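Residue numbers start from 1 in every chain, and the chains themselves are labelled A, B, ... in the order their sequence lines are given, proteins ahead of strands. For clarity, every value in this text was computed on a predicted model and none was experimentally measured.
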Amino acid sequence: MAFSSEIFGANTGTSIAKRRAAAAAGELISDKGRYGDSMSIHASPFTLKLLQSIGGAGTENPETGMLEFYNVDEAMKKKMRY
Amino acid sequence: MSKELSPQQLQKLAQSMSDMGRYGDTQLVHVNEDEVELLKKIGAGTRNPQTGLLEFFGGKSATTFDEAFAVARDDQGAGGTFDYNGKSYSTNYANESSGTTSTSSGEYTSVLDRFDGGGAGGSGDSYFSGSHDEYKAQGGTGGQAHQIDSSGNETNDDRSTFERLTGYKNLKDTYDGGGKGMSGATYGHGTFHDADTSGDGIIQASEASAYGGLKGGIDGNNDSTFSSVMNVAAFVASPVAYLAGKAINTALDFDKDGSMFTKGGSFSMPTQTEAQKLANQKSLDNLGSNNDGDGNAPVTVETIEEETSDEAISYSDIEGDFGYNAFSSSRPARSFIKYDYEDGTGNPVETYNRNTKPFHIATSAESARSYALNGMASNAIEQMMSMMPRELMDNLEGDFSVHLTDDDKLALVVGNGKDGYIEATYDAKQTGYDSVMSDLANMFAYMEASSDTKIDAGFMGRVASSERFDGVATPSLSASLEGLKSEIELYSEGTPQYRMAAERMDEIEREIARRTQSGTETTSSFSIAALNTAIAGSANNILQASA
């Protein structure tokens, strides 16, 4: 079992160096979130709809061009934090 | 990062990362932590192997339909059709296809309708793949048919999104006992309104008992910590103790069907939701078989590679005082490869049923499965720990860790290198993992209730003893002990009555030792004795129930 598998799962043919670069890139992109968005995730169309259905903004981040869902329903946030 | 990137560079980078999504993940999006917590309840929550980012494809089979519906609805609006698994489906919501306000016999009315139980067009206490009418016809309980106005909004369901997604009123409701929508003295996964005979919204211990227990809760169906443990052994991992040949008390071996503890305390700690369990299982499956050959393009972020070559991104580079340095949730399994079971020699001891104890605990590097299990359990333990008050968290000392053994069992190892460890063995299945997590949750709950944060060889015994005598005041214990001392003089030594009285006295003395911190409560022998007594009590209860 290669060391890389302990970090990213089984070998997918991508080098450790490139995986590290991707991880760093992911952090950089996540840092560009605004209004409380602090993470980046891979999302399917279904996930996007779900995020919108709970009040996510669905606007475009001006720096990254990615959709952002910071504006989740306040009541929802309150409930989740009880 | 050593320097800022331009928006154009960022967008190119984001697109490159987005292209690495799999199983239908087509976009990279910004989200906040609340949203991630919610998504974890219903989606995969795994890490993309190429980017390391979270992904929520939600499982191949279940999500594909959802995706197909969502995409077709977007493309075609109402009145369209799409194919899934060889069958044709309408893109209509229920009110659109039926033309009425009642949706109970129709299709899903919204994205949330897919998660609120009760089948398509309605809600209910449990999930159902057919229509809401079929759900009710087959005896489904709770919930109601969704009523929808001309704008597509539901008019008769004022539940929060959280409640519709999880069935629980809010996050606190998931761990306050009593199942969905209730609180109570014990736990269950499901709806147990019928158990609340007093109608006060709280399922008291007596009500739960009369109901036959709340099924599937934090403590299994037995309302008891460690109820699914198959085997328990004490061992030494400390080299000093090992070389000194320090003997550890007899390893205990128990039938896998036996319940170790009687019904006991009413600790309150969160447990995993069913969705979290599912996500965990998916995570485990995923890490174990990730050669999907999906042909995702390799990372093409040359500018970033160059700029990040000197970044500290490995775990070993993370430094700082996190307040709980004396606690470990993932002690390296290598520490346990050679340990001393009973005779100071390191040889495994044969058990009552002629099975040798698992001698070798797999290290996380041995297989993807062992790595995934250890990491997954470690994450769960850290999550539980993070919910403790800070002052308790800072005082944590010792190790909890979960490993695979070479005979394919789950081993929960609790203790520290100084006093030794107690290893509890569980079935290496999802149910076994659930039991490990439930028992761990109860241990954290014990810590919070008692402020006992020293995880040593006696810790599991203290949890057991505390649970057994929960609610009994120390003066009462002392009075009982004095009474037993008088009573035992009436019996001849060696008789069943004598043995029972002696065992009862030992049990009470251990609990008093725990409460007074006499010193014996930190030893492995304390844990073994406490667990042994509890098992005997459970066995008696089982025998009495079957008589």
Side-chain angles (χ1 to χ4, degrees), chain A residues 1 3 5-15 17-30 32-51 53-56 61-70 72-73 75-77 79-82, chain B residues 1 5 7 10-11 13-14 17 21 24-39 43 47-58 63 66-67 70-71 110-112 160-162 170-172 286-287 290-291 298-299 301 304-305 308 311 313 364-368 371:
Chain A
M1 182 60 58
F3 175 71
S5 67
E6 295 197 9
I7 301 196
F8 288 114
N11 189 357
T12 56
T14 305
S15 71
K18 292 198 172 186
R19 292 183 193 194
R20 285 188 166 189
E27 286 184 19
L28 180 123
I29 289 173
S30 297
K32 299 300 178 186
R34 51 182 192 163
Y35 307 132
D37 277 352
S38 57
M39 305 172 75
S40 300
I41 62 166
H42 290 283
S44 68
F46 172 71
T47 305
L48 300 181
K49 279 200 168 293
L50 182 60
L51 287 168
S53 76
I54 62 173
N61 182 295
E63 286 193 273
T64 64
M66 292 159 51
L67 289 175
E68 54 191 2
F69 293 93
Y70 54 82
V72 65
D73 190 319
M76 176 75 181
K77 288 167 70 175
K79 282 184 181 299
M80 292 194 70
R81 286 172 177 160
Y82 57 95
Chain B
M1 285 295 153
L5 298 181
L10 277 170
Q11 288 167 20
L13 176 61
M17 303 272 295
D25 279 347
T26 55
Q27 291 201 49
L28 203 64
V29 298
H30 292 285
V31 292
N32 59 41
E33 293 178 4
D34 293 322
E35 290 160 333
V36 167
E37 286 304 310
L38 173 66
L39 291 172
R47 293 273 175 188
N48 181 292
Q50 291 189 286
T51 66
L53 295 174
L54 286 169
E55 56 189 5
F56 294 97
F57 49 81
T63 306
D66 297 330
E67 283 180 5
V71 170
S110 66
V111 171
L112 291 178
S160 68
T161 303
F162 184 91
N170 49 46
L171 192 56
K172 185 178 180 183
N286 235 12
L287 281 167
N290 216 6
N291 289 314
V299 180
V301 285
I304 300 305
E305 276 191 88
T308 59
E311 290 292 315
I313 57 173
S364 62
E366 286 181 14
S367 70
Y371 170 74

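- Note that CG of B:Asn32 and CZ of A:Arg34 are 13.5 Å apart. Values are rounded to the nearest 0.5 Å.
- Between B:Glu33 and A:Ser38, the shortest heavy-atom contact is CG-OG, 3.7 Å.
- Between B:Leu13 and A:Leu28, some side-chain heavy-atom pair lies under the 4.5 Å cut-off.
- Judged purely by distance below 3.5 Å, without hydrogens or angles, the side chains of A:Ser30 and B:His30 never pair a donor atom with an acceptor atom.
- Taking CG from B:Leu10 and CD from A:Glu63, the interatomic distance works out to 6.0 Å, rounded to the nearest 0.5 Å.
- Distance check, rounded to the nearest 0.5 Å: CG of B:Leu54 to NE2 of A:His42 gives 9.0 Å.
- Counting heavy atoms from C-beta on, the side chains of B:Val31 and A:Glu68 never come closer than 4.5 Å.
- Residues A:Pro62 and B:Pro7 share a closest heavy-atom pair of O-CB, 4.5 Å.
- Among all heavy-atom pairs drawn from B:Thr26 and A:Pro45, the shortest one is OG1-CD, 3.8 Å.
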Derivation of the side chain to side chain contact (heavy atoms under 4.5 Å, CB included) call for A:Ile41 and B:Glu35: CA-CA 10 Å; A:Ile41 62 166; B:Glu35 290 160 333; over 6 Å; no
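- Between chain B and the residues A:Gly65, A:Ser40, A:Gly33, the largest count of heavy-atom pairs under 4.5 Å involves A:Ser40.
- Put simply, OG1 on A:Thr47 and CD on B:Glu55 are 10.5 Å apart, with the number rounded to the nearest 0.5 Å.
- A heavy-atom distance below 4.5 Å is found between the side chains of B:Gln27 and A:Leu48.
- Pairing each heavy atom of B:Met17 with each of A:Ala25, the nearest pair is SD-CB, 3.9 Å.
- Interatomic distance, A:Ile29 CD1 to B:Leu53 CG, rounded to the nearest 0.5 Å: 7.5 Å.
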